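Right, one structure below, let's go through it.
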Amino acid sequence: MAEFVYPPVIGAALTAFRALDVRIKIVGAEHIPATGGAVLVSNHISYLDFLFAGLGAYRGGKRKTRFMAKDDVFKHGISGPLMRGMKHIPVDRTDGQPAYEAAVRALKAGEVVGVFPEATISRSFMLKKFKTGAARMAADSGAPLLPVVLWGTQQLWTKGRPKTLTKRHVPVTIMIGEPIHLGPNDKPVMVTRKLRAAMSEMLDRAQREYPGKPSGQDDAWWLPAHLGGSAPTLEVAEAEDEAEALAKAERRAARG
């Protein structure tokens with residue numbers, strides 16, 4: 001069923017991007033493996049990142065990425081059937097082991113599995129701390145890690161900002177790095193550090209080469225603080241994330 005669902009979804013997304021003249025630039029498409037499993041690892045700055053990261057793999061090698069996503073999305077009346085039809089992998093945050101095992105099985109079967117190692121959207125638009133799950137999946141499956149960096153997607157729809165899905169002419173960079181192959185003695189923690197360092201360099205390049213500029217001071221919110229924008233620093237963003245998580249926990253406790 002996946003192959004009846006995935007192509008139309010990709011086609012619909014591409015049609016929408018063309019209508020809005022989203023100026024997509026894919027760098028490093030030659031790094032997409034033609035066959036075999038791979039753990040596609042992307043930064044996370046927008047609610048649309050799975051579309052663009054998946055587009056990079058599809059345009060680069062006609063590979064369909066099976067993303068790991070929180071199970072709430074699969075329970076929705078509209079998104080649920082689509083997510084299941086495209087063989088994405090639901091993650092129960094109270095017990096992630098079944099999702100992990102499903103991802104490893106998919107990788108061993110030759111699928112590309114998409115992971116956001118930061119787990120949540122970065123409010124600073126810089127890389128947060130990485131969880132080690134992607135590296136562990138690569139080690140357990142024998143598949144390489146495929147680093148992907150996105151830039152510009154935050155202008156369309158991101159955390160704490162209104163949707164601007166009709167904004168036109170937004171440049172979006174999809175940068176794909178060289179696959180990282182794990183050796184038998186590689187430790188997930190060290191591999192994760194290597195992966196994050198590689199993606200940090202890629203993100204810096206994507207930001208430096210990005211053709212878009214804020215239209216004015218009121219439009220500087222999507223630019224990181226160190227580049228002169230008004231996005232929160234990584235430290236401030238982490239504090240905001242902690243406050244939000246605490247508030248959610250208190251609401252759950254109040255509901256009993």
Side-chain angles (χ1 to χ4, degrees), residues 5-32 40-67 69 73 76 78-79 82-83 85-86 88 112 114-116 118 120-127 146-177 199 202-224 227-231:
V5 176
Y6 220 125
V9 170
I10 292 171
L14 289 174
T15 298
F17 296 156
R18 284 193 293 268
L20 294 172
D21 190 30
V22 179
R23 298 174 181 180
I24 300 170
K25 178 181 180 182
I26 300 176
V27 180
E30 68 276 10
H31 296 312
I32 300 292
L40 186 155
V41 186
S42 174
N43 66 324
H44 204 7
I45 54 175
S46 161
Y47 290 111
L48 303 177
D49 288 340
F50 72 97
L51 284 175
F52 287 99
L55 178 61
Y58 190 75
R59 281 267 185 90
K62 297 299 180 184
R63 302 301 304 273
K64 300 177 183 68
T65 305
R66 318 302 182 181
F67 282 94
V73 182
H76 190 275
I78 297 175
S79 63
L82 292 174
M83 295 293 283
M86 290 186 283
H88 295 313
V112 177
V115 178
F116 295 107
E118 299 164 282
T120 59
I121 290 174
S122 171
R123 300 172 192 262
S124 70
F125 309 126
M126 301 302 294
L127 296 182
L146 187 65
V148 173
V149 158
L150 306 172
W151 192 246
T153 62
Q154 73 272 33
Q155 293 191 64
L156 297 171
W157 186 17
T158 193
K159 181 180 286 189
R161 300 287 306 187
K163 295 179 188 178
T164 50
L165 298 178
T166 57
K167 187 174 182 179
R168 295 178 57 80
H169 317 306
V170 175
V172 169
T173 300
I174 305 169
M175 189 170 291
I176 304 161
M199 290 177 62
M202 291 166 61
L203 181 58
D204 179 66
R205 177 186 167 190
Q207 291 171 341
R208 283 187 286 105
E209 297 179 357
Y210 187 68
K213 304 293 181 186
S215 59
Q217 192 57 42
D218 291 342
D219 188 44
W221 62 266
W222 57 267
L223 205 59
L227 294 177
S230 55

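The shown structure was predicted, so the numbers you read here are calculated from the model rather than taken from an experiment. Basis for what follows: all heavy atoms, side chains included, without hydrogens, waters or symmetry-related copies.
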For the student: nearest non-hydrogen atoms of Ile176 and Gly56, plus distance: CD1-O, 3.9 Å
Inter-residue atom distance Arg168.CZ - Arg23.CZ, 0.5 Å rounding: 9.0 Å
Contact check, side chains of Thr15 and Phe17, non-hydrogen atoms, under 4.5 Å: no
Shortest non-hydrogen contact between Met83 and Ala69, atoms and distance: CE-CB, 3.8 Å
Sidechain-backbone polar pair: Tyr6 side chain, Thr65 backbone, donor-acceptor under 3.5 Å: yes
side-chain contact (heavy atoms from CB on, under 4.5 Å) evaluation trace for Leu55 with Leu14: CA-CA 9 Å; Leu55 178 61; Leu14 289 174; 3.5 Å; yes
Inter-residue atom distance Leu223.CG - Lys213.NZ, 0.5 Å rounding: 8.0 Å
Donor-acceptor contact present, side-chain Asp219 to main-chain Gly216, <3.5 Å: no
Check: Arg66 side chain, Met86 main-chain N or O, donor-acceptor pair, under 3.5 Å: yes
Any side-chain heavy-atom pair of Leu150 and Ser42 under 4.5 Å: yes
Check: Ser230 side chain, Trp221 main-chain N or O, donor-acceptor pair, under 3.5 Å: yes
Min side-chain heavy-atom separation Trp151-Lys25 under 4.5 Å: no
Nearest-0.5 Å distance, CZ of residue Arg59 to CD1 of residue Ile32: 12.5 Å
Close side-chain approach of Phe67 and Val73, heavy atoms under 4.5 Å: no
Heavy-atom closest pair, residues Pro147 and Met199: CB-CG, 3.7 Å
pair Val170-Trp222: side-chain heavy atoms closer than 4.5 Å: no
Within 6.0 angstrom of Glu30 CD, more than 12 heavy atoms from elsewhere: yes
Distance (rounded to the nearest 0.5 Å) between Phe125 CZ and Leu227 CG: 12.0 Å
Shortest non-hydrogen contact from Ser122 toward Met126: OG-O, 2.6 Å
Separation of Glu118 CD from Ile45 CD1 (nearest 0.5 Å): 9.0 Å
Smallest separation among heavy atoms of Leu165 and Leu20, with atom names: O-CD1, 2.9 Å
Rounded distance (nearest 0.5 Å) linking atom CG of Asp21 with atom NZ of Lys167: 13.0 Å
Neighbour count above 12 (heavy atom, 6.0 Å) for Lys159 NZ: yes
Residue pair Thr153 / Leu51, side-chain heavy-atom distance below 4.5 Å: no
Side chain to side chain, Ile174 and Ile24, heavy atoms closer than 4.5 Å: yes
Closest non-hydrogen atom pair between Ser124 and Ala231, with its separation: O-CB, 4.2 Å
Within 6.0 angstrom of Lys163 NZ, more than 12 heavy atoms from elsewhere: no
Contact check, side chains of Glu209 and Val27, non-hydrogen atoms, under 4.5 Å: no
Check: Ser46 side chain, Trp157 main-chain N or O, donor-acceptor pair, under 3.5 Å: yes
Greater than 12 external heavy atoms within 6.0 Å of Asp218's CG: no
